[in-house]
Amino acid sequence: MMIARTALISLLLGTAFGAQAAQAPRPVAQAYVLTLRGANDTLKAADLTPYTDIVLSFAHPDANGQLVSGDTLTCMAGPNHTMVTTADLQSAIDLIHAGGRRAIVSLGGALIPACAGDWADLVGPARRDATVQALSEFADRFKIDGLDVDLESDLLTKTVDAGNYTPFVKVLSAVLHARGKTLSVATASYAGGMIPIDSIPAFDRVGVMAYDNNAPGEEHASPADFKNEMYQWLGRGVAPDRLVVGLPFYGHGYGDYAVPQPYRDIVTAHTPGPQADVVGQLCVGCSYITFNSPSTITAKTSLAVRKVSGVMVWELWQDTPDHGLTQALAAGEKAVVPYPKLPATPAVQGTALTRFKVSQWDVQGAAPVAATDKAVPGGRTVRIVAPITENPWDVSAGLPIASHLKKGQRIAIELWVRVKADDPDTQFEVPVTIEGAAEPYPTLLTGKVTVTTAWRKVVVTGVLSADVTPGSANVEVLLGAAAKTVEIGPVTLVQPR
């Protein structure tokens, strides 16, 4: 298996990276280092032993499309918001190379600073070639092994909608490959934050930011989220040997706790145990901090190195001074660790408002097939083979609501569901909503469920944002974005007590 992995990496990533992979066939462990904190200081203080790639973050061309001016970078923040000097950048890259690791520079980030040029303009047709030339010369000058594209949120949407994202990364990829360098990407998994499907072949590595996806009362970057996002991107067509999944070295706080918090600060202030992922009480309106413990980091890494290429870390400085999370990552690379089980679905006590029939399903974007299975109540199911699409709503299964429901009424949607897959670990997060039946199809209630290869009764509970009259709204299960085969059994609309 490892020999096959090495051969595939060599084929995909080119001679330079392929030769290095052949010398050291090991899982990918990619760590981001924020230059704002001082890259050289972070690298010297860290335990780099398990890491194969260090990603220095973030660089931008300025308004003139240039990355270097004299002896400083035009837009790469160093400590105290000064610009990183050329000497400091080269020193950090030399330090990374001295340990036999690949040095990568990330472009963009969640917050674009004022010193940056307009990325949407820089990647457009008029300036694209000049931008790519400047980036490739930058990589050559500092002996950088690859570039990482991290255009996010509104900027990503803007460049995609303008039709400029994929042409830009395709040209950049070709130019870097000609120089024996690689191109990677960091992407989120929510609609509007995902790179477009047609851009995926341009990247040698796709890094999934499997964090920052929680809401009050939820666990940040839970084991379920990690697995959901891993299979989402496999389902979007990313080859296993090109996929890495993100690990957070920080937590989110709610109530009386500030957000976000580096893991090093959480440990100093609260001394959580090695298996604790929460400080405080995890509930809506409560004060708590949610993060990944060493135990969770080990389990996630163990899963990722068995199923895909490996993991990536945001961000290395946030580890404890004794490298607790890095050591947990290293432990996960070396051993098969049982993965945390999904929590049981809480039972809903209440009155059934509607028990839907399989014949009522209206499926858009795929052809439903009626099936039977004695494992679910009633034995009747519907099977939906969803193709890869850009958005979750591009494949949907709807059920018409024939009841009178009131704005502010609490409603639970219970459904039996599973995903059919050869890999028993496969699971997906699936949105379940109540939506208006006519344009503009307003969302009246929304939630999400985790679907595994075993039949499970799952529940979405919420409060309606508008009145519903018979036929004016549907229960919708959104199955697009990633290729998957989903079977749905009985569905019931419940009025909880």
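Nothing here was measured: the structure is a model prediction, and the numbers come from that model.
- Proximity of a side-chain donor or acceptor of T271 to a complementary backbone N or O of V267 within less than 3.5 Å is not detected.
- Salt-bridge check for K307 with D423: passed, with a basic side-chain N closer than 4.0 Å to an acidic carboxylate O.
- Between the side chains of Y51 and T326, at least one donor N or O lies within less than 3.5 Å of an accepting N or O.
- A salt bridge does not link D148 with R205: every distance from a Lys NZ or Arg NE/NH1/NH2 to an Asp or Glu carboxylate oxygen is 4.0 Å or more.
- For the 3.5 Å distance criterion, the side chains of Y32 and D53 fail to qualify, holding no donor opposite an acceptor.
- Put simply, the side chain of M312 does not reach to within 4.5 Å of the side chain of V28, judged on heavy atoms.
- When every heavy atom of H97 is checked against every heavy atom of K143, the shortest pair comes out as CE1-O, 3.0 Å.
- Looking at D140 and R179, a side-chain N of the basic residue comes within less than 4.0 Å of a carboxylate O on the acidic one, giving a salt bridge.
- Counting all heavy atoms, side chain and backbone alike, P272 lies closest to V279 at CB-CG2, 4.2 Å.
- Side chain to side chain, Q232 and N228 fail the donor-acceptor criterion of an N or O pair below 3.5 Å.
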Exercise. Where do Y250 and Y263 land on the ring pair (Phe, Tyr, Trp, His ring centres under 6.0 Å) test, with the steps shown first?
Worked result: CA-CA 5 Å; Y250 65 97; Y263 184 70; over 10 Å; no

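- Between the side chains of E487 and T381, not a single donor N or O lies within less than 3.5 Å of an accepting N or O.
- Side chains of D154 and T157: no donor on one and acceptor on the other come within 3.5 Å.
- For K448, the NZ atom counts as densely surrounded, since its 6.0 Å shell holds more than 12 non-hydrogen atoms of other residues, nucleotides or ligands.
- Between D319 and R264, none of the side-chain N atoms (NZ, or NE/NH1/NH2) sits under 4.0 Å from a carboxylate O, so this pair counts as no salt bridge.
- Annotation: the span from L155 atom CG to I112 atom CD1 amounts to 5.5 Å, rounded to 0.5 Å.
- For the 3.5 Å distance criterion, the side chains of T159 and W119 fail to qualify, holding no donor opposite an acceptor.
- Between V169 and the options S199, P201, P196, a side chain to side chain contact (heavy atoms under 4.5 Å, CB included) holds for only S199.
- Ring geometry for H252 versus H220: interplanar angle over 60°, hence perpendicular rather than tilted (30 to 60°).
- N391 contributes no side-chain N or O that, together with a main-chain N or O of D394, makes up a donor-acceptor pair within less than 3.5 Å.
- Between the side chain of K158 and the main chain of L156, no donor-acceptor pair closer than 3.5 Å is present.
- Checked by atom type, the side-chain pair Y254/N214 shows a donor-acceptor distance below 3.5 Å.
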For this session: Starting from the C-alpha separation in whole Å, work towards a yes-or-no answer on side chain to side chain donor-acceptor pair (under 3.5 Å) for S293 and Q275.
Result: CA-CA 6 Å; S293 65; Q275 296 183 328; over 6 Å; no

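- The pair R236-E390 meets the salt-bridge criterion, with a side-chain N (NZ, NE, NH1 or NH2) lying under 4.0 Å from an Asp/Glu carboxylate O.
- Salt bridge annotation for K170-D198: absent, with no cationic side-chain nitrogen under 4.0 angstrom from a carboxylate oxygen.
- A donor and an acceptor atom, one from each side chain of S309 and D241, are nowhere located under 3.5 Å apart.
- F203 and W233 have their aromatic ring centers separated by at least 6.0 angstrom.
- Between the side chains of D373 and W455, a donor-acceptor pair is found at a separation under 3.5 Å.
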